[in-house]
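Structure record follows, encoded as structure tokens.
Throughout, numbering of the chain's residues begins at 1 and tracks the sequence. Counting starts at 1 for both ligands and their atoms, in listed order. Values below: every heavy atom of this structure, side chains too, minus hydrogens, waters and symmetry copies.
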Amino acid sequence: MIPNKVNSICCIGAGYVGGPTMAVIAKQCPHLKVTVVDVNKDRIAAWNDECLDNLPIYEPGLSEVVAEARGRNLFFSTDIVSAIKESQMIFISVNTPTKTYGVGKGMAADLKFVELCARQIAEIANEDKIIVEKSTLPVRTAQSIKQILSAYQNGCQFRVLSNPEFLAEGTAISDLLNADRVLIGSEDDELGKRAEEALVDIYSHWIPKERIIRTRIWSSELSKLTANAFLAQRVSSINAISALCEQTGADVDEVAHAIGMDSRIGSKFLKSSVGFGGSCFQKDILNLVYLCRHFNLPEVADYWEQVVHLNDYQKHRFSKKIIDTLFNTVSGKKIAFLGWAFKKNTNDTRESASIYIADELLQDQAEIHIYDPKVSEQQIFSDLEFLQNNRREYHLNNTSQFEAMSMDKIRKLVHVHSDPYAAMHKAHAIAVLTEWDEFKTYDWQRIYKDMLKPAFTFDGRNILSKRMLDEIGFETYNIGKGD
Ligand SMILES: NC(=O)c1ccc[n+]([C@@H]2O[C@H](COP(=O)([O-])OP(=O)(O)OC[C@H]3O[C@@H](n4cnc5c(N)ncnc54)[C@H](O)[C@@H]3O)[C@@H](O)[C@H]2O)c1
Ligand SMILES: O=c1ccn([C@@H]2O[C@H](COP(=O)(O)OP(=O)(O)O[C@H]3O[C@H](CO)[C@@H](O)[C@H](O)[C@H]3O)[C@@H](O)[C@H]2O)c(=O)[nH]1
């Protein structure tokens with residue numbers, strides 16, 4: 001029988017979502033045994049590392065939560081078989097990247113890891129289980145999961161729930177503890193409702209009942225893609241206006257403030273930038289676009305695709321501005337990058353704007369010196385290598401037309417520093433690409449003295465005071481600030 005209350009759960013996938021989400025559930029529900037499993041042995045070893053600085057993910061507040069629950073009711077393991085057998089509820093939180101091959105290449109979500117999980121559960125399960133979709137999935141994926149589960153005819157009953165995750169990186173723990181809402185989509189039958197009750201019971205330990213939304217399963221799946229599309233659309237909308245501000249002498253921060261005071265618009269998510277990054281926005285919008293084309297809705301598909309095109313334009317605009325300003329070439333010039341992560345307070349670099357901007361500058365033979373407080377040198381080179389091997393056709397900007405560069409050449413041109421002042425020493429220009437707070441506290445007088453003149457700054461996040469930099473003597477460029 002599908003239980004309406006559970007005491008053991010597991011999560012397949014110990015990544016940016018599986019790790020923090022399960023750690024918070026374990027913290028808030030000490031009676032519940034929570035096991036997080038992954039095929040990646042190194043990742044699991046890092047989650048089990050005695051030194052909490054070595055956890056595989058950097059998130060403010062995460063190490064405290066892990067310290068409290070790990071070994072008590074929170075366990076990290078590579079033993080997927082035992083975890084599936086022993087758990088009444090199984091969360092699937094594996095990666096669902098954009099397909100890089102075959103049908104839907106560059107657009108559709110690659111669901112092979114989700115399918116593998118469903119097959120593994122069906123093979124191993126020896127009693128009824130609740131399966132929870134935590135990964136972000138195209139609408140109607142639950143039907144495919146059900147089809148796989150029931151095809152095995154192992155005598156067990158399964159019910160699939162959709163419970164998309166809305167946490168943002170850098171604020172994952174507070175987002176999980178104080179979620180705006182928890183969304184649960186379920187099948188509309190008695191067992192589906194029992195499964196739904198069991199999941200509501202877990203969240204009810206800390207989320208107020210009125211914030212737990214229950215919907216049809218398809219609405220829940222589609223709400224996740226829609227939420228990300230709306231959020232990314234706001235960033236592309238303000239970035240579009242930033243280009244107009246630069247031409248007209250308006251200031252994008254003033255425009256954002258003025259429109260954000262309208263309670264119908266609201267002030268959040270209106271910060272103009274060098275372009276959105278992260279593993280979700282682009283992937284999820286492309287997935288939505290693919291779905292719309294699949295359901296023969298080309299106008300709807302084109303509408304959403306424009307959000308991604310505008311984002312590519314914004315990244316390209318920034319690199320072009322650097323090249324144009326530095327007298328039409330950056331060949332042999334030293335450009336210092338402050339920040340590589342896709343946003344502050346995370347070590348995640350997936351789809352970070354920095355990768356594409358570096359690529360475009362490297363094509364123009366720049367020498368790039370990078371400092372990021374949380375991203376490793378190994379990660380930076382692996383990001384650049386990944387791009388060389390996966391130039392995707394849907395990118396509007398020039399990078400898809402570029403020739404792949406050899407890693408030997410990249411290693412000659414790219415240097416990673418652990419000291420920001422060393423990264424900026426004798427630089428021709430500085431590009432601010434991530435909004436880390438520490439950048440604001442630097443000794444900008446000292447940096448100016450140490451740079452080649454004219455000393456250029458390109459603030460892709462508008463975090464440095466333009467007035468202060470102008471007074472010191474810098475030649476400044478800020479996103480969305482016209483003269
Ligand atoms: N990163 C975010 O902020 C965020 C937020 C909300 C939703 N999501 C969604 O959550 C899902 C997971 O994202 P993520 O950022 O945690 O990904 P991730 O790449 O950090 O983690 C996924 C993990 O799943 C593991 N895995 C893959 N297949 C497996 C299998 N068959 N068995 C066991 N382990 C397996 C991988 O080894 C990896 O460690 C995606 O669908 C994503 O779109 C992500
Ligand atoms: O006003 C803004 C807000 C964000 N960004 C950029 O947009 C990207 C995404 O930022 P954010 O949404 O804060 O981080 P993510 O961790 O990608 O979180 C998004 O993607 C997750 C994965 O699906 C969802 O769960 C979250 O709700 C959703 O905010 C980053 O590059 C930000 O710098 C801006 O440029 N301007």
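With a heavy-atom cut-off of 4.0 Å, Glu115 does not touch ligand 1 at all. Both the backbone and the side chain of Val17 come within contact range of ligand 1, each with a heavy atom under 4.0 Å. At a heavy-atom distance under 4.0 Å, no atom of Ala172 approaches ligand 1.
Within 4.0 Å of ligand 2, contacts by protein heavy atoms are made from Glu165, Phe166, Leu167, Ala168, Glu169, Lys224, Asn228, Leu231, Val235, Phe269, Leu270, Lys271, Ser273, Phe276, Gly277, Cys280, Phe281, Asp284, Phe342, Lys343, Arg461.
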message = side-chain contact (heavy atoms from CB on, under 4.5 Å), that's the test. Do Arg159 and Ile131 meet it? Break it down for me.
response = CA-CA 6 Å; Arg159 280 298 173 273; Ile131 314 301; over 6 Å; no
request  = Evaluate side-chain hydrogen bond (donor to acceptor under 3.5 Å, both in side chains) for Thr476 paired with Lys466, printing each intermediate quantity in order.
outcome  = CA-CA 7 Å; Thr476 54; Lys466 184 171 161 51; 2.9 Å; yes
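Under a 4.0 Å criterion applied to the non-hydrogen atoms of Cys280, ligand 1 contributes the atoms 2 (C), 4 (C), 44 (C). Shown in contact with Gly15 at under 4.0 Å from a heavy atom are these atoms of ligand 1, numbered in order with element: 16 (O), 18 (P), 20 (O), 21 (O). Ligand-side atoms of ligand 1 in range of Tyr16: 1 (N), 14 (P), 15 (O), 16 (O), 20 (O), range being under 4.0 angstrom from any heavy atom. Taking every non-hydrogen atom of Glu169 and a distance limit under 4.0 Å, the qualifying atoms of ligand 1 come out as 1 (N), 2 (C), 3 (O). Which parts of ligand 1 touch Glu165 is read off a 4.0 Å heavy-atom cut-off, strictly below it: atoms 6 (C), 7 (C). For ligand 1 and Ser279, the ligand atoms under 4.0 Å from any heavy atom of the residue are 1 (N).
At a cut-off of 3.5 Å, with distance as the only test, no side-chain donor of Glu385 or Asn389 sits close to an acceptor on the other residue.
Checked against a 3.5 angstrom limit, the closest N/O atoms of Asn40 and ligand 1 fall outside it. Checked against a 3.5 angstrom limit, the closest N/O atoms of Asp348 and ligand 1 fall outside it. At a 3.5 angstrom cut-off on N or O pairs, Thr96 counts as close to ligand 1. Distances between N or O atoms of Gln120 and those of ligand 1 include no value under 3.5 Å. Taking only nitrogen or oxygen atoms, main chain and side chain alike, Lys134 does not reach within less than 3.5 Å of ligand 1.
Between Glu165 and Lys134, at least one side-chain N (NZ, or NE/NH1/NH2) sits under 4.0 Å from a carboxylate O, which counts as a salt bridge. One finds a salt bridge joining Asp253 and Lys271 here, because a Lys/Arg side-chain nitrogen approaches an Asp/Glu carboxylate oxygen to under 4.0 Å. Looking at Lys440 and Glu438, no side-chain N of the basic residue comes within less than 4.0 Å of a carboxylate O on the acidic one, giving no salt bridge. A salt bridge links Arg214 to Glu196: at least one charged side-chain nitrogen sits closer than 4.0 Å to a carboxylate oxygen. Using a cut-off of 4.0 Å between Lys/Arg side-chain N and Asp/Glu carboxylate O, Glu360 and Lys320 are scored as not salt-bridged.
Using bins of under 30°, 30° to 60° and over 60° for the plane-to-plane angle, the ring pair Tyr477/Phe318 lands in the tilted bin. Relative ring orientation between Trp436 and Tyr58 is described as tilted, the plane-to-plane angle lying within the 30° to 60° band. Under the 30°/60° scheme for interplanar angles, the aromatic rings of Trp206 and Tyr203 are found to be tilted.
For atom 27 (C) of ligand 1, the closest non-hydrogen atom of the protein is Asn95 OD1, 3.3 Å. Nearest non-hydrogen protein atom to atom 18 (P) of ligand 1 is Arg43 NH1, 3.6 Å. Looking only at protein heavy atoms, the nearest one to atom 43 (O) of ligand 1 is Lys283 NZ, 2.6 Å. Protein heavy atom at the shortest distance from atom 31 (N) of ligand 1 is Cys117 SG, 3.9 Å.
Distances from atom 23 (C) of ligand 1 to the heavy atoms of Asp38, Ile44, Leu225, Ile80 show the closest one on Asp38.
If you run side-chain hydrogen bond (donor to acceptor under 3.5 Å, both in side chains) between Tyr16 and each of Asn347, Thr346, Thr21, only Asn347 comes through.
Partners of Glu115 by salt bridge (Lys or Arg N to Asp or Glu O under 4.0 Å), not counting sequence neighbours, listed by chain and number: Arg119.
Under the 3.5 Å distance criterion, the side-chain polar atoms of Ser273 are matched with a main-chain donor or acceptor of Gly275.
Here the straight-line distance linking atom NZ of Lys27 with atom CG of Leu32 works out to 15.0 Å at 0.5 Å rounding.
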